[in-house]
Every structure is written in C-alpha cells, then in structure tokens.
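Beneath this line is the structure, given in structure tokens, with notes to follow.
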Amino acid sequence: MAFDIASFHDLYPFEHHFFERGGLRLHYLDEGESSEVPVVMLHGNPSWSFLFRDLVQQWRLHGRCIVPDHMGMGLSDKPTDDMYRYTLESRVCDLEALLDALQVNGPVSLVLHDWGGMIGMAWAARHPERVARIVALNTSAFGLPPAKPLPWALKVVRDTPLGAPLVQGLNAFASIASRVCTVRPLAPRVRAAYLAPYDTWAHRIATLRFVEDIPLRSEDAAWDLLQMVEESLPNFSDVPVFLGWGLRDFVFDRHFLAGWQSRFPRAETHAYESAGHYVLEDVGDDLIPKIVTFLRQSTAGGTS
C-alpha cells in the first residue's frame, strides 16, 4: 500500500481485497450481502474508490457492491510503464478479469464517474446482455462534444512537456482537483484521503497516463475503442439510466449532460447548480438516496 489506510478507517471503514493479475495487485471493495444484481462502481482520475465511500455504506445495506481501484490508483499497485500499459483497453481487461475471478457472470448495475464511464461502457459494449442499470455521474461514454473544447489545463498535461513535471513532480492534477472539483471545500482529512495514494513521483504515474490517453483523434491509442463504445450506446436504449450531474464541472459540463440526455431521453436526471465534478461530495446527502432508490429496482432480478 502507498500509505497507511488505517488512519482513514473512520472515513473508509471497509475490508480490503486484492486481485492479482500478471504479478500486479488490484485493490477492490466487495461489500454487502450477495444479490442477484450486484453494483459495480468505477471511479476516474485522479480519484479512487474513496469517492464512493458514502454510497457503498448505503448500498451494502441492500445488496452487493464491487468497487475496484484502477491499476496505479488508490490502494492498487503503481507499476512502471514496462510492467503495465496504461491504456483504456488495459482498464477494461482488468475489469473483465476481476469480475470473472469473482464469478460475477450475470447482470450488474454500473455506477460510473469520470473515466469510469468510458471504462464501464466499454465493458458494457462487450457484454450488453449483462447490464441491468446505468448510473452516470459527471462522465462520458462518447467523444468530446463538438461545442466543448478540451480544457486548457488538460491540454497542457496531455500535449506539452510540462505534463510530467506538473503531475508527477508537483502532484498538480490531484492537488488542484481536490480543491476545484467541489463547490463546497472538502474537509481537510477528506482532501488528505483523496491525495494520500499519490504521495511520490512514482505513485502518480497513472494520474498522468490517464490524461495522456484521452482520445481526441484517430491516431490516439484509445480512439478505436471510443468509437466502438459510442456506436454501442443504442444497444442500451431499453436499459434504465440515471444521470446525476454537478453543473459546475469545468470538464464534464452541460455539454456532456446534454450528450447523455440526447442518447437516453428517458433517463432519470438530477442536475445540481450547487455541485461540481465530485458531485457525491457536494450533494451526496440528496443524491445518494436517489441513486439507492433507482438501483433497488433491479436487486430482485431483471431490468424492469
């Protein structure tokens, strides 16, 4: 582990599990009683499973939830580039391998945030018959909307030599995110928990590689997979979708929300002017009960 997780036990009171693949350990939570339709929660960059802590504590009263830390994130190993290929394809393969190892072979509900949207929906595109419900929280499963330019901060990290010294050297990405991704300032210990896994240059490799992997054009490594995911979305037109959105997100803003709504016009939508990218931090007290109610409609089986 990159840090002493026991010091955050009051905030993150869960049993830790590790799945080994290719000599690397992927950390995950597996909470709640077994249920016919478990919930899989997928975080993005630069957060980790800590993002879902309050939702996990609520959902485990109703059913099972599986919450991995992507490789290089949270309590998972932080391999170098010669040990792991930090691409969208690798993330999807990690998720497939984890669910196979846990013998989760039936339907699941997906809770997706940030890069978790693309990872989860890429998995879903390969297993459309196994998707019971989708909860999308400030995320995407399609390309950058035409009216939405890539924010300059991401462009600097993705496309200039400043990316490594800023992200790996100064921890600028995670540090700034912990201040600007909410409308309400995070409590000091909560902010410390978000930053704790990324305490050295070596432990920040995934936060940099995630940004570098953003697919914008055909020559980018994740481009073909992005196209496949976007083209697959009509396959989920009959799947219940829940959209929970912080409207003061400078990346996944109203353009992305509109993109989801245009593809899923029957989606249950809750948008908050008082919330940013970490929407569960800003308005979790209101949003989490709504998510739980939505997910409970599938726990008895089926997708009705």
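Excluded from the calculations below are hydrogen atoms, water molecules and symmetry mates; all remaining heavy atoms, backbone and side chain alike, are included. Treat the numbers as computed from the prediction; the structure is a model and nothing was measured.
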Determine whether more than 12 heavy atoms belonging to other residues, nucleotides or ligands lie under 6.0 Å from atom [atom1] of [X].
{"X": "E33", "atom1": "CD", "answer": "no"}
{"X": "K148", "atom1": "NZ", "answer": "yes"}
{"X": "R189", "atom1": "CZ", "answer": "yes"}
{"X": "R53", "atom1": "CZ", "answer": "yes"}
{"X": "D10", "atom1": "CG", "answer": "yes"}

Mark yes or no for whether [X], through its side chain, and [Y], through its backbone, hold a donor-acceptor pair below 3.5 Å.
{"X": "D213", "Y": "L88", "value": "yes"}
{"X": "W260", "Y": "V241", "value": "no"}
{"X": "R64", "Y": "S34", "value": "no"}

Would you please indicate if the ring centroids of [X] and [Y] are separated by under 6.0 Å?
{"X": "Y28", "Y": "F18", "result": "no"}
{"X": "W48", "Y": "Y12", "result": "yes"}
{"X": "Y84", "Y": "Y86", "result": "yes"}
{"X": "F252", "Y": "H277", "result": "yes"}

Relative to each other, are the rings of F50 and Y194 parallel, tilted or perpendicular (30° and 60° limits)?
-> perpendicular
For F256 and G143, work out which heavy atoms get closest and say how close.
-> CE2-O, 4.4 Å
Over-ring placement of R263 relative to F142, 6.0 Å and 45° cut-offs | yes
With a distance cut-off below 6.0 Å to the six-membered ring centre and an angular limit of 45° from the axis, does R133 pair with F294 as a cation-pi contact?
-> yes
Side chains of [X] and [Y], donor plus acceptor under 3.5 Å:
{"X": "S175", "Y": "R191", "result": "yes"}
{"X": "D69", "Y": "H27", "result": "yes"}
{"X": "H127", "Y": "E96", "result": "yes"}

Would you check if V92 and M118 make a side-chain contact, meaning some heavy-atom pair closer than 4.5 Å?
-> no
Salt bridge present between K155 and E212 (N-O < 4.0 angstrom) = no
Mind checking what makes side-chain contact (heavy atoms from CB on, under 4.5 Å) contact with T269, not counting sequence neighbours?
-> L243, L257, Q261, A267
Under 3.5 Å, which donor-acceptor pairs do the side chains of residues 181-188 form with other protein atoms, sequence neighbours left out?
| from | atom 1 | to | atom 2 | distance (Å) |
| --- | --- | --- | --- | --- |
| T182 | OG1 | R184 | O | 2.7 |
| R184 | NH2 | E281 | O | 2.8 |
| R184 | NH2 | D282 | O | 3.4 |

For residues 103-114, which residue pairs qualify under salt bridge (charged side-chain N to carboxylate O under 4.0 Å, His left out), counting only residues two or more places apart or in two chains?
-> none
Step by step, would you call V111 with V40 a side-chain contact (heavy atoms from CB on, under 4.5 Å)?
-> CA-CA 6 Å; V111 177; V40 178; over 6 Å; no
Give the C-alpha distance, both sets of side-chain angles, the deciding distance and a yes or no for ring pair (Phe, Tyr, Trp, His ring centres under 6.0 Å) between F14 and H9.
-> CA-CA 8 Å; F14 309 116; H9 183 73; 8.4 Å; no
